[in-house]
Visitor: 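Below: one structure in structure tokens.
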Amino acid sequence: MGRLSATSVKATKEPGRYGDGDGLYLVVTASGSKSWVCRVQKNGKRRDIGLGSIKKVPLALARERAVKTRMQVEVGIDPVSERRKEAGIPTFREAVSLVFAENKASWKNQKHRAQWLSTLERYAFPIIGDLSIAELEGHHARDVVAPIWSEKPETARRVRQRIGSVVDWAIGKGYRTLPLPLAAMDKSLPRIKAKPVHHAALPYANVPQFLAYLQDSDSIGRLALSVLILTATRSGEVRGATWDEIDFETALWTIPAERMKAGREHVIPLSPPTLALLRKAATYREARSPLVFPGQRGAKPLSDMTLTKICRDAKIEAVPHGFRSSFRDWVAEETTFDGDIAEMALAHAIGNKVEAAYRRGNLLEKRRVMMDAWGQYCV
């Protein structure tokens, strides 16, 4: 017989722990709530395992659960994990797999898709992978990002954000009710001064010489990089271009919203040098691929590394994305074109909301003049 009785459990009001024997305790908090805890010990490690509130678990059932818990621990079974499985609540590791499966099709960027999963596997799984998604707290997330917070701040930020996304998914699925206190967690970590990341850019004065170098020999990669320079677009936008986006008659390239970083359709006026390059690219056109710049497999676009390697082989201190800066510097230092027109050419949002309200048009004709001037400068 235990030391407690149903009557004493109900009558006890003073905060504290009241032992029933064999590791079973009634826990009364300062607020008056009462719950059961079973204290177990295995391999020199002591652990308290909750058995439920007295509102749902009477004394007799608490004793039964305590016996079952001790037996499970004795044979090497984790009672909490077993209970979680019975309730159908996934672990963090399982929740990540479910979130990834549900969202990977909508993530167009293959690099993002791969990194989303790999960063959690590397940094989060060893620490919180087997923890129930319902039991995950802010301090658990902090334990994950703290070791890399100062050394790899950008990676830590992404891991933190991805953990939060998985928790938000769990709330939507009904596995938990509260989000993680990420703002409070951030304040508990050392303050990191953000360092701006600049893509290495070629001075605009050297762009014509580099473009001439690209024309020295023909390849689909050199053509793609040349078009990237002349249109001031991003690597992914050029590599993913399809022939149905190009209108030779109107000299326009219309990139659909789903392929744009900002999620808005972008129309680019094509200068005469750019049109000439696209006509040359048409000689590489494959019937089985809609891509303007197909990769070696035809159905897939060029690799981003293809364009980067061309820059490296030319021994220039620049990356493909940096040519957008080359274009922007040329506009600012060598022309009288309005800065907002240049920003629209780069598919950037106008920062001033009032100004943006008066710039609802895409200023296509003014941008055409500017892109023609850039093309003429480059060649």
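Only a predicted model underlies this, so the values are computations on that prediction, with no experimental measurement involved.
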Visitor: Do the charged groups of R39 and D48 touch, with an N to O distance under 4.0 Å?
Guide: yes

Visitor: Do the ring centers of Y25 and W36 come within less than 6.0 Å of each other?
Guide: no

Visitor: Is it true that E64 and K68 have a side-chain N and a carboxylate O under 4.0 angstrom from each other?
Guide: no

Visitor: Is the positively charged end of R239 above the ring of F293, judged by distance under 6.0 angstrom from the centroid and angle within 45° of the axis?
Guide: no

Visitor: Can you see which heavy atom on K34 is nearest to which on S53, and at what distance?
Guide: O-OG, 3.5 Å

Visitor: For residues 177-190, tabulate all N or O donor-acceptor pairs below 3.5 Å that involve a side-chain atom, not counting sequence neighbours.
Guide:
| unit_1 | atom_1 | unit_2 | atom_2 | d |
| --- | --- | --- | --- | --- |
| D186 | OD1 | R160 | NE | 2.9 |
| D186 | OD2 | R160 | NE | 3.2 |
| D186 | OD2 | R160 | NH2 | 3.0 |
| S188 | OG | R142 | NE | 2.8 |
| S188 | OG | M185 | O | 2.6 |

Visitor: With side-chain hydrogen bond (donor to acceptor under 3.5 Å, both in side chains) as the criterion, how do T250 and D247 come out once you've worked through the C-alpha distance, each side chain's angles and the decisive distance to 0.1 Å?
Guide: CA-CA 6 Å; T250 60; D247 189 330; 3.3 Å; yes

Visitor: Less than 4.0 Å between a side-chain N and a carboxylate O, is that true for R259 and E245?
Guide: yes

Visitor: To check you understand the geometry: which heavy-atom pair defines the closest contact between L302 and A224, and what is its length?
Guide: CD1-CB, 3.8 Å

Visitor: Calculate, to the nearest 0.5 Å, the distance between atoms CD1 and CD1 belonging to I133 and I89 respectively.
Guide: 10.0 Å

Visitor: Between R93 and E121, does any side-chain N to carboxylate O distance fall below 4.0 Å?
Guide: no

Visitor: Looking only at heavy atoms, which two atoms of L270 and L278 are closest? And how far apart?
Guide: CD1-CD1, 3.8 Å

Visitor: Is the gap between the ring centers of F323 and F210 under 6.0 Å?
Guide: yes

